[in-house]
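To start, the structure itself, in structure tokens.
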Amino acid sequence: MSQPLVWLITGSTSGFGAAITKAALARGDKVIATARNPSKPEMSSLVSLGASPLALDITGSDSTITSAITSAISLHGRIDILLNNAAYILEGAIEEASHEEVLAQFNTNVFGQLAMVRAVLPYMRAQRSGVVAFMGSMGGWGGMVNGGLYCSTKFTIAGIAEALKLETKHLGIDVTCIEPGYFRTSFLSGGHRVQVGKRIGDLDEVTEGVRKAFDRVDRNQPGDPEKGARVIVEALTKSGRCEGRGELPTRLLVGSDAVEYVEKALEKGRRELEEWRELSETTDCDDVVKGQR
């Protein structure tokens, strides 16, 4: 076997983070597992499997994150794969969310991931290799009632990943946005699902059904996190079923429901494009020749 790869995974003590940590360790790789509080029991179980714990708050200052990454590098001398996994869902309608709630949602789901990129990329550039993976969602393909702000963070992450991929390809760094469907994790419960503090009665007609659906779906999702983790690990390491596939896709769907959802989103986008094409194409300057831009 080739030299073990070194992973750094944020939000590693639960859900996909824990499942991917275990799958990477089972492959023989090294994993730096991060958490705000690495002394929690969930981290202990990962350490018993061989993970290296690291205290890291992705919403902290750039200086504290940079210091944490310096400590991470000292553990194994490099970082080959950065998996930006830490996130949560803010449940509520767009109008119901306060400025502070929106800012907190973006601070974790977007700004924290950008901070990690700024801290880790200098090392990957120096070694002229690496993989940066953002944990997106199939929700990044369409807005959702009662979860629109969460979806908007995943739209944002997908755009950042696509641009970063273009900016770093020549340096030997590959980038992807992993977009899972619904997997049987704790994501729709506990601290991962945060409800807005304000409710607007006029919106209950559309939001109440989604709230109840989240409750029904919680722990009954179709996706198996262990199977999903194996797909993600094989993709990011280009091994197993992904050996020989070459460059990672810009957006990697994980789950049959994710594939179905995105197929419908693409069909809707194509249909609306064609319905409005004639009007949309009427705005060029008179001296522009169509097809010669």
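Computed from heavy atoms alone, side chains included, the values below leave out hydrogens, waters and symmetry copies. Along the sequence shown, residues carry numbers from 1.
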(request) Show your reasoning for whether side chain to side chain contact (heavy atoms under 4.5 Å, CB included) applies to E91 and Y150. (result) CA-CA 8 Å; E91 182 186 356; Y150 168 77; over 6 Å; no
(request) Measure across S45 and S48 and return the closest heavy-atom pair with its distance rounded to 0.1 Å. (result) O-OG, 2.5 Å
(message) salt bridge (Lys or Arg N to Asp or Glu O under 4.0 Å) for E267 and R270? Distances and angles first, verdict last.
(response) CA-CA 5 Å; E267 290 169 2; R270 170 56 66 180; over 6 Å; no
(message) Are L5 and L236 packed together at the side-chain level, in the sense that at least one heavy-atom pair is separated by less than 4.5 angstrom?
(response) no
(request) Starting at CE of M43, measure out to OG of S39 and round the result to the nearest 0.5 Å. (result) 9.0 Å
(message) Give me the atom names and distance for the closest heavy-atom approach of L8 to A72.
(response) CD1-CB, 3.7 Å
(request) Please indicate whether E205 has more than 12 foreign heavy atoms, meaning atoms of other residues, nucleotides or ligands, lying under 6.0 Å from its CD. (result) no
(message) I'd like to know if K169 and D174 make a salt bridge, using a cut-off of under 4.0 Å between side-chain N and carboxylate O.
(response) no
(message) If I compare all heavy atoms of Y261 with all of M138, which pair ends up nearest, and what's the gap?
(response) CE2-O, 3.2 Å
(message) Hydrophobic clusters here meaning ILVMFWY residues chained together by side-chain heavy-atom distances under 4.5 Å, can you tell me if L54 and V47 are in one?
(response) no
(request) Determine whether V262 and Y182 fall in the same hydrophobic cluster, where Ile, Leu, Val, Met, Phe, Trp and Tyr are linked whenever their side-chain heavy atoms lie under 4.5 Å apart. (result) yes
(request) State the CG-CG distance between L114 and N107, to the nearest 0.5 angstrom. (result) 10.5 Å
(request) State whether the side chain of D284 and the backbone N or O of V289 hold a donor-acceptor pair below 3.5 Å, judged by distance alone. (result) no
(request) State whether the side chain of K165 and the backbone N or O of L248 hold a donor-acceptor pair below 3.5 Å, judged by distance alone. (result) yes
(message) Between H76 and P4, is there a side-chain heavy-atom distance shorter than 4.5 Å?
(response) no
(request) Run the numbers on T153 and F106 for side chain to side chain contact (heavy atoms under 4.5 Å, CB included), then give the verdict. (result) CA-CA 6 Å; T153 66; F106 272 81; 3.8 Å; yes
(request) Report yes or no: does D80 contribute a side-chain atom to a donor-acceptor pair with the main-chain N or O of V6 at less than 3.5 Å? (result) yes
(message) Any side-chain to backbone donor/acceptor pair from E234 onto R241? Under 3.5 Å, distance only.
(response) yes
(request) Answer yes or no: is there a side-chain heavy-atom contact under 4.5 Å between I157 and E179? (result) no
(message) For the CE atom of M135 and the CG atom of N84, what is their distance to the nearest 0.5 Å?
(response) 10.0 Å
(message) Among V132, I65, T34, exactly one meets side chain to side chain contact (heavy atoms under 4.5 Å, CB included) together with M116. Which residue is that?
(response) I65
(request) Without swapping roles, check the side chain of T10 against the backbone of N85 for a donor-acceptor pair under 3.5 Å. (result) yes
(request) Please round to the nearest 0.5 Å and tell me the distance separating atom OG1 of T21 and atom CG of D29. (result) 11.5 Å
(request) Quick one: closest heavy-atom pair of G142 and C151, and the distance? (result) O-SG, 3.5 Å
(message) A quick test of your reading: do over 12 heavy atoms of other residues, nucleotides or ligands sit less than 6.0 Å from CD of E278?
(response) no
(message) Could you check whether E208 pairs with R199 (Lys NZ or Arg NE/NH1/NH2 to Asp/Glu carboxylate O, under 4.0 Å)?
(response) yes
(message) How close do T176 and P249 get, counting heavy atoms only, and between which atoms?
(response) OG1-O, 2.6 Å
(request) Give a yes or no answer on whether the side chain of S67 reaches the backbone of T64 with a donor-acceptor pair at less than 3.5 Å. (result) no
(request) Group every Ile, Leu, Val, Met, Phe, Trp and Tyr by side-chain heavy-atom contacts under 4.5 Å, then state whether I94 and L203 land in the same group. (result) no
(request) Would you name the heavy atoms of A33 and S12 that are closest together and state the gap between them? (result) CB-OG, 3.2 Å
(message) Determine whether a donor-acceptor pair (N or O, by modelled atom type, separation under 3.5 Å) exists between the side chain of T168 and the backbone of L171.
(response) no
(message) Please evaluate residues M124 and L82 with respect to the criterion side chain to side chain contact (heavy atoms under 4.5 Å, CB included), reporting the C-alpha separation (whole Å), side-chain torsions for both, the decisive distance (0.1 Å), and the verdict.
(response) CA-CA 10 Å; M124 289 186 173; L82 167 63; 4.1 Å; yes
(request) Give a yes or no answer on whether the side chain of S152 reaches the backbone of L149 with a donor-acceptor pair at less than 3.5 Å. (result) yes
(request) State whether the side chain of Q105 and the backbone N or O of E101 hold a donor-acceptor pair below 3.5 Å, judged by distance alone. (result) no
(request) Count the heavy atoms of every other residue, nucleotide or ligand shown that sit under 6.0 Å from CD of E243, and state whether that count exceeds 12. (result) no
(message) In this structure, would V194 and I200 fall into the same cluster of hydrophobic residues linked by side-chain contacts under 4.5 Å?
(response) no
(message) Using modelled atom types and a 3.5 Å cut-off, is there a donor and acceptor pairing between side-chain atoms of E162 and backbone atoms of R251?
(response) no
(message) Using 0.5 Å steps for rounding, measure from the CZ atom of R271 to the NZ atom of K264.
(response) 11.5 Å
(request) State yes or no: do I9 and F183 share one hydrophobic cluster built from I, L, V, M, F, W and Y residues joined by side-chain heavy-atom distances below 4.5 Å, directly or via other members? (result) yes
(request) Find the distance between CG (N109) and CG (L90) and round it off to the nearest 0.5 Å. (result) 9.0 Å
(request) Determine, step by step, whether L46 and K22 satisfy the side chain to side chain contact (heavy atoms under 4.5 Å, CB included) criterion, reporting the C-alpha distance in whole Å, the side-chain angles of both residues, the deciding distance to 0.1 Å, and the verdict. (result) CA-CA 7 Å; L46 297 178; K22 293 173 183 176; 3.9 Å; yes
(request) Establish, for the pair R27 and W7, whether the NZ or CZ atom is under 6.0 angstrom from the six-membered ring centre and no further than 45 degrees off its axis. (result) no
